[in-house]
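A short write-up of the structure that comes next.
Each ligand, and each atom within it, is numbered from 1 in the order the structure gives.
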Amino acid sequence: MTTMESLIGLVNRIQRACTVLGDYGSGDNSFSSLWEALPSVAVVGGQSSGKSSVLESIVGRDFLPRGSGIVTRRPLVLQLHKTDEGSQEYAEFLHLPRRKFTDFSVVRREIEEETDRITGKTKQISPIPIHLSIYSPNVVNLTLIDLPGLTKVAVEGQPEGIVQEIETMVRSYVEKPNSIILAISPANQDIATSDAIKLAREVDPTGERTFGVLTKLDLMDKGTNALDVLEGRSYRLQHPWVGIVNRSQADINKNINMIVARQKEREYFATSPDYAHLASKMGSEYLAKLLSKHLESVIRARIPSITSMINKTIDELESEMDHLGRPIAVDAGAQLYTILELCRAFDKIFKEHLDGGRPGGDRIYGVFDNQLPAAIRKLPFDRHLSLESVRKIVSEADGYQPHLIAPEQGYRRLIDGSLKYFRGPAEASVDAVHFVLKELVRRSISETRELRRFPTLQAEIAAASGEALERFREESKKTVMRLVDMESSYLTVEFFRKLPHELERLENPGERGANSADKGGNTPAERGRAVNSSASKFDGYSEGHFRRIGSNVSSYIGMVADTLKNTIPKAVVYCQVKEAKTSLLNHFYTQLGKKEGKQLGMMLDEDPALMERRQQCTKRLELYKSARDEIDSVSWAR
Ligand SMILES: Nc1nc2c(ncn2[C@@H]2O[C@H](COP(=O)(O)OP(=O)(O)OP(=O)(O)O)[C@@H](O)[C@H]2O)c(=O)[nH]1
């Protein structure tokens, strides 16, 4: 059978783990709180109601700080562990592991100092609990949470608003359905005015979770008694009221031993004419046993729901961790491997964009199919090969000696001058494809889900890809320029051989060429213009002659344009697209191999908010898993 010790001890262990991981039921709402799911006994009472005295009496030791004003300013989780008769009593704090306190006045000092460590000397309050475990043969297994005393006014030196803050904090503990409320009220005050009962009534109207404790029975006016309260007539609760007689101030001043005080309390009830019939159900020792039994039964009843809550939370946390991505390994080899995997994932998506699995690659074809032909169409050949321009260029090329048959030099100059125009569209195609590739890199990075957590690596990949694309662009530019230049370096002789012989034309000046440029050159106006604008040495050449030259050059250029429309895309794909597909990150990989572990780690820097969330999730997961193990271990012990 599961023992009380194991069940209460189990909750103690889980509670301590909760505090270590920052789960004390308040603050971070982004996680469900395990602390809140655990049953616990919260001690509430107005100032001077006798709260400290009750706790000390349950423990059988003086160990709580005393003083005027608000002394308890952080919750004190008091975990009592019963040890074998005759064994030495000692205390331990969660924040000071492995240190055993056997002197309880030092425990008191440590509570005061630890309180100040978080709240400062400003006398503020804090919801972060102090965990104190007491191992003693004089206690029962029980966990109590001592909370700041409810008060109406702040004393000097304590901040304004503290009264409200205390109430809010105490309320946050007692309003949880798993909280058992130990409401302490002094008997020498009207129960209707008790702060503890007022609060308990609000959060637990049916009185299911509230244990009423009446202190200072010995201080009631002579001739009066608290039977109406103790027997549940004044204020009804589901659990019986417990009357207490603590040490008076005089007893404290005389240093009356707590064990002696318990003895005196027993005698008080046994011999009291008012309460003798209730004696077996009165006093601090009875209260401790009652609470211990109740706490144990509540825990037992809640274990199944706690277990299912733990399992559900573990599933949720694990799926969140999957979403956030697992933590990165610390050794350089594993980091390098991770980076390469991430690069590969990016590269795969980038290739899909080019090969058509994803959109965007078609824009490259758009450059070749629309942009390039349109740009070529717009080139100003009409102007360059106008009658005026042809006449001027040919005559300049001839120099002092006009050409005899065909203006060889003039043709060359006209062709060279025309071919230069192709540089613009060629270069523009390279740039347009470059920008498409750059955009595809950007899109691929943002579409690589695995990369999302690594902004630094994203930037590195973007930079490395950018540099590589820039290199490919340079190479591609050189190649397309070469294609254009190659056209000037050697002209297609065949083309000119096929043309009707110039000489024949000179001999038959009236002959009309088949080309449209030849037509219409014989109007009087045109003839006049030709005569006026040209040097007299050309008077022998008809306009038709120059038109024919312009027309021949234009045909030749048309043929070159057709060639370049085909070869520029080939060069661009070869130098830019194919390179991007096969070796976009090659240079980056070489650089990676030379990096140290620290630099690799820096590349895997994550978004700090995400890292923080993962860390929190990891911690919570640890907590819930250890809680599940704890519960399993108790079940095995059955
Ligand atoms: N005679 C007698 N005095 C008591 C009893 N309970 C508490 N006192 C005295 O009442 C005073 C306040 O008791 P505490 O236990 O310090 O009360 P508290 O609620 O913890 O007070 P604060 O910490 O100041 O909020 C002390 O002087 C106690 O000795 C009792 O049952 N009988």
Side-chain angles (χ1 to χ4, degrees), residues 42-76 78 104 108 111-112 115 123 125 130 144-158 162-163 165-167 169-170 181-189 191 193-200 212-222 224-226 229-230 241-258 260-269 272 274-275 278-279 282-288:
V43 189
V44 291
Q47 246 182 339
S48 280
S49 58
K51 202 160 56 73
S52 311
S53 302
V54 171
L55 288 174
E56 287 183 329
S57 186
I58 287 175
V59 176
R61 278 292 194 168
D62 278 293
F63 67 98
L64 289 171
R66 290 183 191 282
S68 61
I70 298 147
V71 178
T72 309
R73 286 179 290 115
R74 283 174 61 183
L76 176 73
L78 186 59
F104 282 78
R108 170 180 297 144
I111 295 174
E112 287 166 350
T115 299
K123 304 287 176 219
I125 63 165
I130 300 175
L144 299 157
I145 305 172
D146 185 19
L147 294 165
L150 296 162
T151 173
K152 300 240 168 5
V153 280
V155 298
E156 212 176 318
Q158 291 190 309
I162 195 163
V163 173
E165 264 181 73
I166 290 176
E167 208 206 295
M169 184 163 105
V170 174
I181 308 165
L182 191 64
I184 298 182
S185 318
N188 55 355
Q189 255 179 37
I191 198 71
T193 64
S194 157
D195 295 316
I197 289 298
K198 233 173 82 201
L199 186 60
V213 173
L214 208 56
T215 58
K216 306 192 184 180
L217 289 174
D218 58 319
L219 292 184
M220 290 184 75
D221 288 342
K222 280 224 159 54
T224 61
N225 64 46
V229 176
L230 292 177
W241 280 80
V242 179
I244 299 270
V245 175
N246 289 313
R247 293 180 305 172
S248 65
Q249 191 56 48
D251 292 340
I252 294 171
N253 296 347
K254 277 191 266 169
N255 247 335
I256 297 275
N257 177 288
M258 291 299 308
V260 173
R262 276 188 190 175
Q263 178 65 30
K264 274 176 76 178
E265 188 188 29
R266 270 201 298 276
E267 281 166 17
Y268 173 87
F269 285 111
S272 157
D274 290 325
Y275 310 117
L278 297 172
M282 294 286 130
S284 42
E285 277 177 287
Y286 173 75
L287 176 66

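Scanning Glu56, Gln249, Glu265, Met220 for the heavy atom closest to atom 27 (O) of ligand 1 points to Gln249. Between Arg66, Gln47, Lys216, it is Lys216 that holds the heavy atom closest to atom 10 (O) of ligand 1. In the candidate list Ser49, Ser53, Ala250, Ser53 is nearest to atom 13 (O) of ligand 1, counting heavy atoms.
Polar contact check, Ser52 against ligand 1: a nitrogen or oxygen pair lies under 3.5 Å apart.
Between Ser284 and Arg262, the closest heavy-atom pair is OG-CG, 4.4 Å. Here the shortest heavy-atom pairing between Met282 and Gly243 reads SD-N, 3.0 Å. Summarising the geometry of Tyr275 relative to Leu217, their closest heavy-atom pair is OH-CD2, 3.8 Å, with the distance given to 0.1 Å. Shortest non-hydrogen contact noted between Gly283 and Phe269 is N-CE1, 3.7 Å. The two atoms that bring Ile111 and Ile130 nearest to each other are O-CD1, 4.0 Å, heavy atoms only. Across every non-hydrogen atom of Lys216 and Ser48, the tightest pair is NZ-O, 2.6 Å.
Distances below 4.0 Å separate heavy atoms of Ser248 from the following atoms of ligand 1: 1 (N), 2 (C), 3 (N), 29 (O). For ligand 1, the atoms sitting less than 4.0 Å from at least one non-hydrogen atom of Lys51 are 15 (O), 17 (O), 18 (P), 19 (O), 20 (O), numbered in the order shown with element in parentheses. Near Val245, meaning under 4.0 Å from any of its heavy atoms, are these atoms of ligand 1: 31 (O). Those atoms of ligand 1 that come under 4.0 Å of a heavy atom in Asp218, given as number and element, are 1 (N), 2 (C), 30 (C), 31 (O), 32 (N). Atoms of ligand 1 lying under 4.0 Å from any heavy atom of Leu219, numbered from 1 in the order shown and given with element: 1 (N), 2 (C), 3 (N). Within ligand 1, the atoms closer than 4.0 Å to a non-hydrogen atom of Gly50 are 7 (C), 13 (O), 14 (P), 15 (O), 17 (O), 18 (P), 19 (O), numbered from 1 in the order shown.
Neither the backbone nor the side chain of Val54 has a heavy atom within less than 4.0 Å of ligand 1.
Under the 3.5 Å distance criterion, the side-chain polar atoms of Arg61 are left unmatched by any main-chain donor or acceptor of Phe104.
Look at Ser48 and you'll find a heavy atom under 4.0 Å from some atom of ligand 1. The shortest heavy-atom distance from Gly149 to ligand 1 is not under 4.0 Å. Contact between Gly46 and ligand 1 is present, with at least one heavy atom of the residue lying under 4.0 Å from the ligand.
The shortest contact between atom 29 (O) of ligand 1 and any protein heavy atom is with Arg247 O, 3.0 Å. Atom 31 (O) of ligand 1 has its closest protein heavy atom at Asn246 N, 2.7 Å.
Under the side-chain contact (heavy atoms from CB on, under 4.5 Å) rule, Lys51 has a single partner from Thr215, Val44, Ile184, which is Ile184.
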*Let me see the working for Arg247 and Met258 under side-chain contact (heavy atoms from CB on, under 4.5 Å), right down to the final yes or no.*
CA-CA 8 Å; Arg247 293 180 305 172; Met258 291 299 308; 3.3 Å; yes
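Salt bridge absent: Asp218 and Lys264 never bring a charged side-chain N and a carboxylate O closer than 4.0 Å.
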